[in-house]
Each structure stands twice: as structure tokens, then as C-alpha cells.
Amino acid sequence: MVTKDFKGRLKILSITVMVVIFVLIARLGFLQVYDGEYYAGLADGNRIRLIPAMAPRGIFYDRNGTLLVSNRPGFTVSLLPLTAPISEDVIDRLSTLLKVDKVEIHKKIDQHSGFDPIRIKTDIGPEVLTIIEEQKEAYPGVVIEVQPIRNYINMDMAAHAFGYVSEISDDELAKRKGEGYRSGDIIGKFGLEKVYDKELRGTDGGEQVEVDVTGKPVQILGRKEPIPGANLTLTIDEKIQKVAEKAIDEQLLKIHAKAAAAVVLNPKTGEVLAMVSRPAFNPNLFARGISNKDWKMINDNPNFPLDNKAITGEYPPGSPFKIITGTAALSEGKVGPDEMIFDSGRHWIIPKVNSEGEALGWISFKMALAHSDNVYFYEMGNRLGIDKLEKYGRMFGLGARTGINLPYESDGLVANRAYKRKVFDDDWYLSETFDAAIGQGFNLVTPLQIAVVMSEIANGGIRYKPYLVKQITDPNGQVLKDFKPEELGRLDVSPDIIALVQDGLREVTTVGTAASSFGKDFPVKIAGKTGTAENSQGKDHGWFIAYGPFDDPNIVVAVLVEQGGFGSQSAVPIGKKILEAAFGIVNPEDAAQK
């Protein structure tokens with residue numbers, strides 16, 4: 001007999017079962033309808049893989065549209081562990097085939113996350129490609145990617161300005177992971193490649209690939225084309241750059257010197273038309289993954305091929321500093337342009353002498369500048385004092401970076417009391433002022449800085465910021481950014497004083513230390529200054545700076561030859577060839593006759 005109590009409990013149980021069934025049906029409907037798209041995505045994630053495709057980097061052009069840096073297709077060996085880890089046997093085979101240490105392969109695997117390919121070696125040769133393609137069963141999980149490889153068309157030409165690319169390092173990845181960089185990415189490491197990496201690298205694309213349960217690709221579901229990076233139109237003139245490099249290489253070979261630098265500027269804008277540093281390196285070695293042998297050859301070179309000596313090399317300016325000393329003395333009224341000072345070959349207060357004991361007798365400012373007379377400028381230093389020399393050195397922009405859009409630029413140094421007190425804890429002496437007045441002692445400049453000094457004289461006193469990029473454009477040629485001349489300061493000097501200095505520099509090339517190269521037969525009027533800077537580590541350094549045409553300058557050249565001896569012999573021949581190229585002079589004598 002069914003009791004009333006039992007019926008009540010049965011009713012409660014039935015209601016409970018019905019509620020549970022209703023909740024399950026409702027939940028099923030919710031998952032299928034409301035969250036159906038989400039869970040379908042998760043299911044697809046178990047069978048769909050995204051394989052990225054690297055975007056080509058932006059291209060470099062010279063100021064006239066000549067192609068300088070491009071990309072070429074290359075094959076990269078990568079690992080793609082879709083369903084299972086890469087076996088140790090495969091790693092052993094790859095290590096032997098690619099000549100890559102197993103430790104390095106394991107390191108890349110350990111750092112890997114997600115489904116991106118693990119890139120093991122870039123730009124493999126056809127023999128490696130053939131082996132992997134013909135023996136696919138022996139290399140499960142190994143794929144060949146077609147990737148754009150950076151191509152520096154003229155090998156080591158302008159290598160220090162262009163820079164180079166290579167695979168991102170662990171430290172770089174840790175610093176930049178939040179900016180979208182991933183393991184295996186190729187990034188700019190030096191030069192313009194480093195400075196404009198974000199603009200140049202573009203946006204990667206890829207393929208959606210459906211795989212089966214074993215991880216083998218079944219079909220391509222979709223493809224997103226990579227977007228190339230932005231292009232750079234540089235201020236560099238390929239013709240002038242090539243001539244400058246050839247002239248330096250020939251001169252170094254001729255005089256048995258090992259290192260040099262040159263900068264060519266437009267003094268009206270600050271545009272860099274050429275920049276050379278020797279010795280150089282081939283950036284293509286880095287783009288394809290530099291070998292230990294090549295790296296050792298570069299790294300062990302005592303003349304440091306990776307240093308851009310045009311902006312990082314710090315040298316005593318020597319006689320080119322007399323431009324600053326002379327400007328200061330005339331501006332401060334310490335000497336008049338026609339005042340005659342007697343040069344007996346040595347100064348009468350401190351027995352400092354001219355080079356090779358030369359004595360010019362009674363000389364004026366222009367003659368002293370033209371013949372680079374030390375005694376005259378010792379006296380200018382005596383009359384000015386070190387504080388005035390420091391003031392004018394800084395007015396010209398020395399002792400600070402120019403601000404050029406390249407990394408690792410040096411500050412240089414303007415001789416001053418505070419520096420000596422800080423470093424040597426000693427007083428300043430008059431003999432050190434004499435040294436500073438002729439560009440020796442504590443003074444240090446980069447070739448770019450001294451080129452800027454010459455530009456200021458050439459253009460009437462304006463200091464422009466040097467720059468290497470004219471335009472950034474997208475792959476369709478649309479201008480993203482235009483770079484314009486940027487004025488940094490002006491000399492607080494009368495135009496009449498600047499004109500006197502200009503006239504003295506003109507006489508350097510007509511009757512002075514560079515007259516033998518730029519005399520009456522040279523068809524363009526040139527102003528210049530030679531220099532021989534003492535070097536405690538060996539032979540003296542040779543300097544030559546110049547501008548032209550004299551009446552309307554649009555070219556400034558600065559050349560430094562390390563341990564080249566007299567600037568008139570080591571640096572002037574280089575500068576002359578650069579100026580000939582800049583002005584389209586094939587043979588100066590023929591051009592003069594025409």
C-alpha cells in the first residue's frame with residue numbers, strides 16, 4: 001500500500017529530475033547557440049595552424065632614385081612542431097647538415113612558444129634544399145620557408161651609414177617583446193637599419209593551414225599577404241659615395257695607411273651626400289647569418305671595421321681648429337685683419353715652434369691661415385685665453401653631438417679648465433692654451449663635427465643638423481614623412497668676420513698649403529684647410545676640409561686619414577677627387593681649357 005508520505009517524496013524527486021533535465025537542455029542550447037561560435041573556434045584551433053610569412057623590409061634609394069638596398073628571395077630551414085616535439089634524431093641530422101651546433105638548435109626550441117616556425121638557418125644553398133626536399137621522411141617537422149633576405153647591392157659601400165640586419169637577440173627580444181617582436185625576427189642592428197627599424201620591417205602575413213591528426217597539412221584555408229615596410233629615400237649621392245670610397249681605398253694603399261673617414265655635406269641644408277669609414281665590412285654577411293670565421297675576421301681587426309669613424313672616431317682637429325681660433329680673435333678684437341705679427345719660427349713666451357722649423361717673418365691673418373702658421377695662432381691663443389677658445393668652440397657646435405640620425409655618435413671634447421680639473425685634478429697652464437689654439441691638447445672632434453664647422457663658415461654662420469634621410473614612403477610611393485633642413489644655431493659673429501675667414505681659406509688653395517692641388521688649373525674656386533694632428537699612438541693624422549664653389553657653396557668635404565702624416569699629402573688627394581666628382585670634373589685641366 002502506497003503511503004501518502006511516499007507519494008510526496010516521489011513527487012519531489014520527479015520535479016527534481018525534470019528541473020535537472022531542463023537545466024541540461026538549456027545549457028546545451030546556450031552552448032550551441034549563444035557560445036557556439038566561440039567553441040567552434042576552439043575546435044578549429046585544434047586543427048588549424050597559422051604559418052606566418054615574413055614581410056620584406058623597405059628599400060633604400062639614393063637622392064636620385066638609384067636602388068641601394070633591396071631584398072632577394074632566400075630559403076630558410078625551420079622547425080614546425082605541429083603535434084609532437086622534434087625528435088633528437090632530426091636535431092642530430094639538422095646539426096650535421098646545416099653545420100649548426102645542437103646546443104643552439106635546442107636553445108631556439110626551448111625559447112619557442114605558439115605555432116610560429118622555429119627558424120634554424122637562413123639563406124641555405126641549393127644542395128641543402130635538395131637534401132631536405134628529397135628526404136622528407138627523415139626530417140619530420142622540418143619545413144623550408146621562402147623569406148626575403150636583405151641585399152646590400154654594392155657590398156660594403158656606405159655600410160656604416162646603411163647598417164645591417166640580423167636575427168633578434170635574447171636581450172633585444174626581452175626589451176622589445178611588447179612592441180610585437182618575436183623570436184627569430186630579423187631586425188636592424190646598426191646604422192639606418194637600426195634607427196628606422198619599425199618603419200622598415202613591415203607587417204607579416206601568413207597562411208591558415210588545416211592539419212590532420214598527425215599534424216600534416218591537408219589544405220590551405222586562407223592567406224594574408226605580408227605588407228612590405230616603408231622605403232627610405234636617402235640624401236646620399238651614389239656617384240659621390242662611390243668616388244669617395246675609391247679615392248680613400250687607393251690613397252690608403254698608396255701611403256700604407258689602414259684607416260680613414262670622409263664626410264660630404266651640403267652646407268645649405270645639412271644633407272649628407274657621402275659618408276665613408278675605412279676599414280669597412282660587408283653587411284650581407286650579417287643578413288644571411290654571419291659565420292664564426294667571418295665574425296672573427298671582423299672582430300679581430302685592430303682597425304675596428306664596425307666603427308663608423310666619421311661619427312664615432314675622436315681625433316685632435318689640428319690646424320682646422322685655427323678657423324675657430326681666428327674667428328674668435330677677430331670677433332673679440334684681439335687682432336685686426338691687417339695687423340702684422342712677426343714669426344721667427346718659435347713663440348717668444350713659450351718656445352713652441354712651427355712645423356719643421358718654418359719661419360714666415362711678418363704675417364697678417366690671411367697669410368697665417370693660408371700657410372697654417374702655428375706661431376701666429378699661438379699668439380691668438382695667448383691673447384684670447386682658454387675660456388674664450390672654449391666659448392667659440394662650443395658656439396661652433398663642438399663638444400656635443402651633431403644630432404645626425406645614426407646611433408653611437410660621439411660628443412668630442414672642447415679643451416677647458418673644468419675638464420682638466422675633473423680628470424687630472426690640476427691647474428690650467430698657458431702652454432695648454434697654446435696647444436688648444438692650434439687644435440691640439442685636449443681638443444677632440446669627429447670628422448662629421450669638423451665638416452659642420454666648415455659648413456658654418458661656408459654658409460655664413462648657420463649650423464644645420466646633418467641628416468641622411470630625405471623621405472619615407474609607403475610601398476605605393478605615397479609620402480609618409482618629409483625631412484627638411486633643421487637649423488640648430490647661428491654664429492654670434494659679424495658677417496664681415498666670416499668673410500675674412502672665408503678669404504683666408506680661399507688663399508689656402510691659391511697660395512697656401514693646398515695650392516699645388518687647387519691652383520689656377522682647377523676650374524672651380526675652392527676654399528680649404530689642411531691639417532696635421534699629432535698622435536701619441538703613432539704617426540700624425542692627416543686632415544683636409546674644403547668647400548666650393550667659393551662664391552656659392554653647395555659642397556663641403558672633410559677627410560681624415562689615420563696616421564697618414566701631413567694632411568696636404570695624405571688627405572688632400574682624396575678631397576680633390578671627391579670635389580672633382582661632385583662638380584662633374586673628369587680632368588681638371590681639360591675642364592679649365594673648355
Side-chain angles (χ1 to χ4, degrees), residues 313-330 332 334-335 341 343-360 363 365 368-369 371-399 410-447 449-450 453 513 529-543 545 560 562-568 571:
E314 295 179 303
Y315 308 92
S319 291
F321 193 86
K322 292 170 183 175
I323 293 171
I324 296 172
T325 303
T327 301
L330 291 168
E332 295 292 326
K334 301 298 183 181
V335 71
I341 294 177
D343 168 26
S344 66
R346 75 175 56 230
H347 197 273
W348 49 95
I349 298 177
I350 297 175
K352 286 183 173 290
V353 300
N354 284 326
S355 175
E356 298 189 323
E358 184 181 41
L360 297 181
I363 53 174
F365 169 75
L369 192 59
H371 293 279
S372 202
D373 186 79
N374 284 350
V375 170
Y376 183 95
F377 287 96
Y378 288 146
E379 178 57 16
M380 296 304 101
N382 180 45
R383 296 182 184 186
L384 283 163
I386 188 58
D387 298 331
K388 290 291 185 184
L389 285 174
E390 178 191 2
K391 171 189 171 182
Y392 279 83
R394 297 193 187 282
M395 185 191 297
F396 272 88
L398 299 184
S410 298
D411 291 305
L413 176 64
V414 177
N416 64 88
R417 298 176 190 273
Y419 172 81
K420 188 185 179 190
R421 175 60 68 186
K422 179 181 178 181
V423 175
F424 299 99
D425 191 25
D426 199 3
D427 294 331
W428 190 268
Y429 298 104
L430 180 60
S431 63
E432 292 165 330
T433 302
F434 278 28
D435 290 338
I438 64 164
Q440 294 291 163
F442 296 114
N443 283 318
L444 293 173
V445 299
T446 68
Q449 286 175 325
I450 211 68
V453 167
T513 54
K529 187 75 193 78
T530 61
T532 307
E534 293 178 5
N535 170 31
S536 61
Q537 307 301 314
K539 286 180 63 179
D540 294 342
H541 302 313
W543 281 104
I545 58 176
L560 178 281
E562 284 191 16
Q563 301 192 44
F566 290 112
S568 58

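In what follows, every heavy atom counts, from backbone to side chain, and hydrogens, waters and symmetry copies are set aside.
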Can you find a pair of side-chain heavy atoms, one from [X] and one from [Y], that are under 4.5 Å apart?
X: Asp343; Y: Glu358; answer: no
X: His347; Y: Asn374; answer: no
X: Met380; Y: Leu389; answer: no
X: Thr327; Y: Phe396; answer: yes

Taking NZ, NE, NH1 and NH2 as the nitrogens, is one of them in Lys420 or Asp425 under 4.0 Å from a carboxylate oxygen of the other?
no
Supply the atom-to-atom distance Lys539 NZ to Thr532 OG1, rounded to the nearest 0.5 angstrom.
10.5 Å
Gap between atom OH of Tyr378 and atom CD1 of Ile341 - 0.5 Å precision
14.5 Å
Test item: [X] side-chain N/O and [Y] main-chain N/O as donor-acceptor pair under 3.5 Å:
X: Trp543; Y: Pro316; value: yes
X: Ser410; Y: Gly412; value: no
X: Thr530; Y: Ser568; value: no
X: His371; Y: Asp373; value: no
X: Asn443; Y: Ala415; value: yes

For [X] and [Y], work out which heavy atoms get closest and say how close.
X: Gly531; Y: Pro320; result: CA-CD, 3.8 Å
X: Asp540; Y: Glu534; result: OD1-CA, 3.4 Å
X: Arg346; Y: Pro351; result: NH1-CB, 3.4 Å

Say whether Ser319 and Ser372, considering side chains only, have a donor N or O and an acceptor N or O under 3.5 Å apart.
yes
Check the pair Glu432 / Ile386 against side chain to side chain contact (heavy atoms under 4.5 Å, CB included), numbers first and verdict last.
CA-CA 8 Å; Glu432 292 165 330; Ile386 188 58; over 6 Å; no
If the plane angle is over 60° it's perpendicular, under 30° parallel, otherwise tilted; pick one for His541 and Tyr315.
perpendicular
Look at the aromatic rings of Phe377 and Phe365 and report parallel, tilted or perpendicular, splitting at 30° and 60°.
perpendicular
Between Glu379 and Val335, does the side chain to side chain contact (heavy atoms under 4.5 Å, CB included) criterion hold? Intermediate values first, please.
CA-CA 10 Å; Glu379 178 57 16; Val335 71; over 6 Å; no
Determine the sole option in Val414, Ile438, Leu398 for which the side chain to side chain contact (heavy atoms under 4.5 Å, CB included) test with Phe321 is passed.
Leu398
Not counting sequence neighbours, which residues clear salt bridge (charged side-chain N to carboxylate O under 4.0 Å, His left out) with Glu332? List them please.
Lys388, Lys391
Whether over 12 other heavy atoms sit under 6.0 Å from Arg383 CZ:
yes
Test log, rule side chain to side chain contact (heavy atoms under 4.5 Å, CB included), inputs Arg421 and Asp427
CA-CA 6 Å; Arg421 175 60 68 186; Asp427 294 331; 2.3 Å; yes
Could you give me the CA-CA distance, side-chain angles and deciding distance for Asn535 and Glu562, then say whether side chain to side chain contact (heavy atoms under 4.5 Å, CB included) is met?
CA-CA 9 Å; Asn535 170 31; Glu562 284 191 16; over 6 Å; no
